[in-house]
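The structure appears below as structure tokens.
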Amino acid sequence: MSGITYVKGDATAPQGKGVKLIVHVCNDLGGWGKGFVLALSRRWPGPEAAYRRWHRGRAGNDFGLGAAQFVQVEPWIWVANVVGQRGMRRGSKGVPVRYEAIDEGLRKVAEQAAGLGASVHMPRIGCGLAGGTWTRVEPLVTARLVDRGVHVTVYDHG
């Protein structure tokens, strides 16, 4: 038993009561335009705008692999932009996912969730365009969040 609740649905419409933190993985190039981010942008413009500002200002901030940015989109809903993939393309160097960066990002998510008293909601992060596998990501989610008492719901769309 992983301690993670799995549901069919849309992670941009998180279920339950209280403060909710939606987590997703971004690339380290400043690109935003495919995958789960499209659903986020259809619902709220703030996470994309914040991510693009964060990337533009990267010379003077913490933008990079393993970083996490938190954007409040509604009174009880926040979005975490976690930089967990190097580049955007699969090629000779393998897939873009960086598990160590997701792990570090989830550590920051755990701190934020604890501070907000929030539950965490996500698609299977790092497993879409980033090319990762859930068998590698799920233990990170469990160790960083579930084992620290954070309730996690993973949404499988469709």
Side-chain angles (χ1 to χ4, degrees), residues 1-28 31-52 54 65-86 88 90 94-158:
M1 188 71 178
S2 69
I4 299 170
T5 301
Y6 291 88
V7 299
K8 289 232 181 273
D10 180 357
T12 68
Q15 302 173 9
K17 297 187 185 322
V19 180
K20 298 167 200 71
L21 179 54
I22 300 169
V23 177
H24 73 106
V25 167
C26 305
N27 64 69
D28 65 349
W32 181 293
K34 289 185 177 176
F36 182 71
V37 298
L38 294 177
L40 280 174
S41 291
R42 276 192 298 272
R43 196 160 187 104
W44 306 287
E48 178 181 359
Y51 171 79
R52 292 187 185 281
W54 190 31
L65 287 171
Q69 178 190 53
F70 302 95
V71 182
Q72 189 170 15
V73 293
E74 291 184 17
W76 301 97
I77 300 177
W78 292 70
V79 171
N81 294 328
V82 173
V83 184
Q85 69 181 75
R86 164 117 25 226
M88 293 183 275
R90 299 171 192 227
V95 294
V97 70
R98 294 295 178 266
Y99 296 108
E100 63 284 352
I102 290 174
D103 187 45
E104 176 59 20
L106 289 174
R107 185 186 65 73
K108 294 169 181 159
V109 166
E111 292 172 6
Q112 184 76 0
L116 293 169
S119 56
V120 169
H121 304 261
M122 65 177 75
R124 292 184 189 236
I125 59 171
C127 299
L129 296 171
T133 64
W134 190 244
T135 56
R136 294 274 309 271
V137 175
E138 184 184 44
L140 304 176
V141 172
T142 298
R144 290 293 185 187
L145 299 170
V146 176
D147 290 351
R148 295 178 182 181
V150 178
H151 180 77
V152 176
T153 303
V154 173
Y155 296 75
D156 289 315
H157 195 66

Just wondering, do Tyr51 and Val71 contact through their side chains at under 4.5 Å, heavy atoms? no

CG/Leu140 to CG/Leu106 distance, rounded to the nearest 0.5 angstrom? 6.5 Å

If I compare all heavy atoms of Ala68 with all of Gly105, which pair ends up nearest, and what's the gap? CB-O, 4.2 Å

To the nearest 0.5 angstrom, please state how far the CZ atom of Arg43 sits from the CG atom of Leu38. 15.0 Å

Check whether any side-chain heavy atom of Val109 lies under 4.5 Å from a side-chain heavy atom of Leu145, and answer yes or no. yes

Exercise: identify the closest heavy-atom pair between Gly66 and Glu104: O-CG, 3.5 Å

Indicate yes or no for a side-chain donor-acceptor contact from Gln69 to the backbone of Ala50 under 3.5 Å, with no hydrogens or angles considered. yes

Under 3.5 Å donor-acceptor, Gln72 side chain and Pro75 backbone: yes

Which pairs count as salt bridge (Lys or Arg N to Asp or Glu O under 4.0 Å) when at least one residue sits in residues 3-16, sequence neighbours excluded? none

So CG of Leu129 and CD of Gln85: to nearest 0.5 Å the spacing works out to 7.0 Å

CZ/Arg86 to CG/Asn27 distance, rounded to the nearest 0.5 angstrom? 11.0 Å

Enumerate, atom names and distances included, each donor-acceptor pair closer than 3.5 Å involving a side-chain atom of residues 120-128, sequence neighbours excluded.
residue: His121; atom: ND1; partner: Tyr155; partner atom: OH; Å: 2.8
residue: His121; atom: NE2; partner: Ser119; partner atom: OG; Å: 2.8
residue: Arg124; atom: NE; partner: Asp156; partner atom: OD1; Å: 2.7
residue: Arg124; atom: NH2; partner: Asp156; partner atom: OD2; Å: 3.0

Are the side chain of Lys34 and the backbone N or O of Met88 linked by a donor-acceptor pair below 3.5 Å? no

Please set out all donor-acceptor pairs under 3.5 angstrom arising from side-chain atoms of residues 16-24, sequence neighbours excluded.
residue: Lys20; atom: NZ; partner: Gly16; partner atom: O; Å: 3.0
residue: Lys20; atom: NZ; partner: Gly18; partner atom: O; Å: 2.9
residue: His24; atom: NE2; partner: Asn81; partner atom: OD1; Å: 2.6

Might you point out which heavy atoms bring Pro96 and Ala130 nearest each other, and give the distance in Å? CD-O, 3.1 Å

Measuring only between side-chain heavy atoms, which start at C-beta, is Ile77 closer than 4.5 Å to Trp44? yes

Heavy-atom check, side chain of Ile4 versus side chain of Thr153, under 4.5 Å: no

Rounded to the nearest 0.5 Å, what's the gap from CZ on Arg42 to OG1 on Thr12? Could you check? 8.0 Å

Taking Arg52 for its side chain and Trp32 for its backbone only, find out whether a donor-acceptor pair lies under 3.5 Å. yes

Answer yes or no: is there a side-chain heavy-atom contact under 4.5 Å between Val141 and Val137? yes

Any chance CH2 of Trp134 has more than 12 other-residue heavy atoms, nucleotides or ligands included, within less than 6.0 Å? yes

Below 4.5 Å, heavy atoms only, C-beta onward: do Leu116 and Gln112 meet side chain to side chain? yes

Measure the shortest side-chain to side-chain distance between Phe70 and Val79 over non-hydrogen atoms and say whether it is less than 4.5 angstrom. no

